[in-house]
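What follows is a single structure, written as structure tokens, with notes after it.
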Amino acid sequence: MATIGTDITTAIRHLRQGDPIGLPTETVYGLAAKALDEAAVVKIFQVKNRPSFDPLIVHVASLAQAQEHVSELPESARILAQATWPGPLTLLLPKAAHIPDLVTSGLPKVGIRVPNHPLALELLRQVDFPLAAPSANPFGYVSPTTAQHVQDQLGAAIPYILDGGPCTVGVESTIVGFENEKAIVYRLGGKKLEDIESLIGRVTLRLNKSSNPIAPGMLATHYAPRKPVILGDISELLPRYQGQKVGVISFQQDWGVTSGTQLILSPTGDLEEAARKIFSALRMLDTGSFDVILSERFPDVGLGRAINDRLTRASVR
Ligand code: TXA
Ligand code: MG
């Protein structure tokens, strides 16, 4: 099992040796390794059992550092980065030549971001290399939002997990790319669409659901528990699953579930609170003795969009 601790020096020692570690960020925990060291990056793919066609996000300490790893920075990208970093936004930008193809899966652009987490930022400031880090879960499974989540699934394969407490955002970063200066959102996430549009105007959504996505965070099935997840109106679903032990995810409302359990993510109707809790809820219900997970759709605004995106992908079989 991995050692769980808060010691940045120990974390850096493992990274320097070329081993991946669990890294806290504000969105979800990452499985981080030296981004420019191909042997270290290969270990990320092995530990996650991740197909090599799924590119990795590169993490740096500042916009200035990000600029060292990209060959172009469109004006809208600069505006977004300056207003949002450190924060839950990944920019897809033309990569500098030294970024290994393994990191970008051969694509000409690199996904890059500055995470907003004190431990991660301190670590990134102390090292002279960027970190490649996908979410620290086995490929296709629910992302981890605590150090223990990482331990439960990847602990046997990595030496160290830097414990930064529960993630404060709880869903992955929003991914934005550019085509001729036009912004395209590829993944809804922790940075609200509304905030992005208030900074750079209307953006195009390209949230792939096809079987040939440009990257698997966009696969129809992803972020998925092993148990079936059914999305819909809880009042209609409960009678349909009568006699089964159900795990219910509800936003605000108490559905009086008797056969099973319900997790109310935010009785006060706060979507940011719900986003913080959604992956823990899916994990808890997946590991409990339930036959099926039932979830309602969340209001399709703010972080509710990212929650609905994850629930939809979790429910596709
Ligand atoms: O919040 C996050 O973004 C977290 C934390 C750890 O930073 N990371 C994360 O990484 O969610 P991951 O690997 O689970 O999802 C990254 C997704 C890929 O599946 C792909 O969809 C997209 O980012 N991506 C990364 N680099 C890309 C590239 N060069 N071109 C297109 N898509 C890319
Ligand atoms: Mg992931």
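This one's a predicted model, so the numbers in the text were calculated from it and none came from an experiment.
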ask   = Going through the distances and angles, do Asn137 and Ser135 end up as a side chain to side chain donor-acceptor pair (under 3.5 Å)?
value = CA-CA 6 Å; Asn137 48 276; Ser135 53; 2.6 Å; yes
note = Closest heavy-atom pair, Glu296 versus Gln252, reported as atoms and distance to 0.1 Å, is OE2-N, 4.1 Å
message = Tell me which pairs pass salt bridge (Lys or Arg N to Asp or Glu O under 4.0 Å) where either residue lies in residues 147-176, with sequence neighbours left out.
response = Glu172-Arg310
query = Considering residues at least two apart in sequence or located in another chain, which fulfil the side-chain contact (heavy atoms from CB on, under 4.5 Å) criterion with Ser295?
reply = Leu231, Ile249, Phe298, Leu311
ask   = Heavy-atom count around Asn49 CG within 6.0 Å, excluding the residue itself: above 12?
value = no
key: Atom of Ser259, atom of Gln244 and distance for their closest heavy-atom approach   = OG-O, 2.9 Å
query = Do Phe45 and Leu154 belong to the same hydrophobic cluster, where Ile, Leu, Val, Met, Phe, Trp and Tyr are linked whenever their side-chain heavy atoms lie under 4.5 Å apart, directly or via other members?
reply = yes
request  = Please step through salt bridge (Lys or Arg N to Asp or Glu O under 4.0 Å) for the pair Glu272 and Lys192, ending with a clear verdict.
outcome  = CA-CA 10 Å; Glu272 303 194 2; Lys192 292 177 205 158; 3.0 Å; yes
key: Candidate pair Arg313 and Val316, rule side-chain contact (heavy atoms from CB on, under 4.5 Å), full reasoning   = CA-CA 5 Å; Arg313 291 177 209 269; Val316 172; 5.6 Å; no
ask   = With a 4.5 Å heavy-atom cut-off, do Asp291 and Val246 have their side chains touching?
value = no
task = Measure from NZ or CZ of Lys48 to the centre of the six-membered ring of Phe139 and say whether it is under 6.0 Å with the direction within 45° of the ring axis.
result = no
message = Looking at Ser315 and Thr312, would you say the former's side chain and the latter's main chain have a donor-acceptor pair under 3.5 Å?
response = yes
ask   = Under the side-chain contact (heavy atoms from CB on, under 4.5 Å) test, which residues partner Asn180, sequence neighbours left out?
value = none
Min side-chain heavy-atom separation Leu89-Val176 under 4.5 Å = yes
message = Counting C-beta onward and ignoring hydrogens, is there a side-chain heavy-atom pair between Tyr141 and Gln153 closer than 4.5 Å?
response = yes
Nearest heavy-atom neighbours spanning Gly170 and Val28 = O-CG1, 4.0 Å
task = Give a yes-or-no answer on whether the side chains of Arg187 and Ser173 include a donor-acceptor pair shorter than 3.5 Å.
result = yes
request  = Check the pair Ile112, Trp85 against side-chain contact (heavy atoms from CB on, under 4.5 Å), reporting the backbone distance first and the verdict last.
outcome  = CA-CA 11 Å; Ile112 195 157; Trp85 285 350; 4.0 Å; yes
query = Stepwise, does the side-chain contact (heavy atoms from CB on, under 4.5 Å) test hold for Thr261 with Phe290?
reply = CA-CA 9 Å; Thr261 201; Phe290 303 99; 3.2 Å; yes
inquiry  = With heavy-atom distances below 4.5 Å as the criterion, would you say the side chains of Thr27 and Val171 are in contact?
reply    = no
remark   = Between the CG atom in Leu294 and the NZ atom in Lys227, the distance rounded to the nearest 0.5 Å is 12.0 Å
Shortest non-hydrogen separation from Leu93 to Ala77 and the atoms involved = CD2-CB, 3.9 Å
ask   = Salt-bridged, Glu72 to Lys95, with N to O below 4.0 Å?
value = no
query = Is there a path from Leu265 to Ile234 through hydrophobic residues (I, L, V, M, F, W, Y) whose side chains come within less than 4.5 Å of each other?
reply = no
query = Is there a donor-acceptor contact under 3.5 Å linking the side chains of Asp233 and Ser235?
reply = yes
request  = Enter the distance from Ser52:OG to Leu102:CG here, rounded to the nearest 0.5 Å.
outcome  = 7.5 Å
From Ser143 atom OG to Phe279 atom CZ, the distance as rounded to the nearest 0.5 Å = 4.5 Å
ask   = Counting only heavy atoms not in Gln242, do more than 12 fall under 6.0 Å of its CD?
value = no
key: Interatomic distance, Leu80 atom CG to Leu63 atom CG [nearest 0.5 angstrom]   = 11.0 Å
query = How far does CD1 of Ile21 sit from CD1 of Ile44, to the nearest 0.5 angstrom?
reply = 10.5 Å
key: Any Thr104 side-chain heavy atom under 4.5 Å of Lys109 side chain   = no
Glu179 vs Thr204, side-chain contact (heavy atoms from CB on, under 4.5 Å): CA-CA, chis, key distance, verdict = CA-CA 10 Å; Glu179 269 176 18; Thr204 305; over 6 Å; no
message = Keeping His59 on the side-chain end and Ile57 on the backbone end, is there a donor-acceptor pair under 3.5 Å?
response = yes
request  = Begin from the C-alpha positions of Asp309 and Arg305 and carry the test salt bridge (Lys or Arg N to Asp or Glu O under 4.0 Å) through to its verdict.
outcome  = CA-CA 6 Å; Asp309 172 87; Arg305 296 179 204 259; over 6 Å; no
note = Correct closest heavy-atom pair for Leu162 and Tyr29 would be O-CE2, 3.4 Å
inquiry  = Grouping I, L, V, M, F, W and Y whenever their side-chain heavy atoms are under 4.5 Å apart, do Ile184 and Ile175 come out in a common cluster?
reply    = yes
note = In this structure, CG of Leu199 is separated from NZ of Lys191 (nearest 0.5 Å) by 7.0 Å
query = Any side-chain heavy atom of Cys167 within less than 4.5 Å of one from Arg276?
reply = no
request  = Assess whether side chain to side chain donor-acceptor pair (under 3.5 Å) is satisfied between Ser289 and Lys245, documenting all intermediate values.
outcome  = CA-CA 8 Å; Ser289 62; Lys245 198 169 168 205; 2.5 Å; yes
inquiry  = Donor-acceptor check, side chain of Gln151 to backbone of Met1, threshold 3.5 angstrom: yes or no?
reply    = no
request  = Run through Leu92, Leu91, Leu73 and flag the one making a side chain to side chain contact (heavy atoms under 4.5 Å, CB included) with Phe178.
outcome  = Leu91
ask   = Where do Asp7 and Tyr160 land on the side chain to side chain donor-acceptor pair (under 3.5 Å) test, with the steps shown first?
value = CA-CA 10 Å; Asp7 186 20; Tyr160 196 71; 5.3 Å; no
Side-chain (Arg50) to main-chain (Asp54) donor-acceptor, under 3.5 angstrom = yes
Close side-chain approach of Leu124 to Val60, heavy-atom, < 4.5 Å = no
request  = Just do the salt bridge (Lys or Arg N to Asp or Glu O under 4.0 Å) check on Glu26 and Arg113 with the steps written out, would you?
outcome  = CA-CA 12 Å; Glu26 80 281 34; Arg113 83 179 191 98; 2.9 Å; yes
inquiry  = Applying a strict under-4.5 Å side-chain criterion to I, L, V, M, F, W and Y, I'd like to know whether Val142 and Ile293 cluster together.
reply    = yes
request  = Taking Ser280 for its side chain and Lys277 for its backbone only, find out whether a donor-acceptor pair lies under 3.5 Å.
outcome  = no
inquiry  = Any heavy-atom pair between the side chains of Ile264 and Gln253 that's under 4.5 Å?
reply    = no
task = Could you walk me through whether Arg125 and Ser62 pass side chain to side chain donor-acceptor pair (under 3.5 Å), step by step?
result = CA-CA 9 Å; Arg125 287 189 191 115; Ser62 63; over 6 Å; no
Residue pair Gln65 / Ala61: nearest heavy atoms and the distance that separates them = OE1-N, 3.0 Å
key: Joint hydrophobic cluster, Leu123 plus Val58, side-chain heavy atoms closer than 4.5 Å   = no
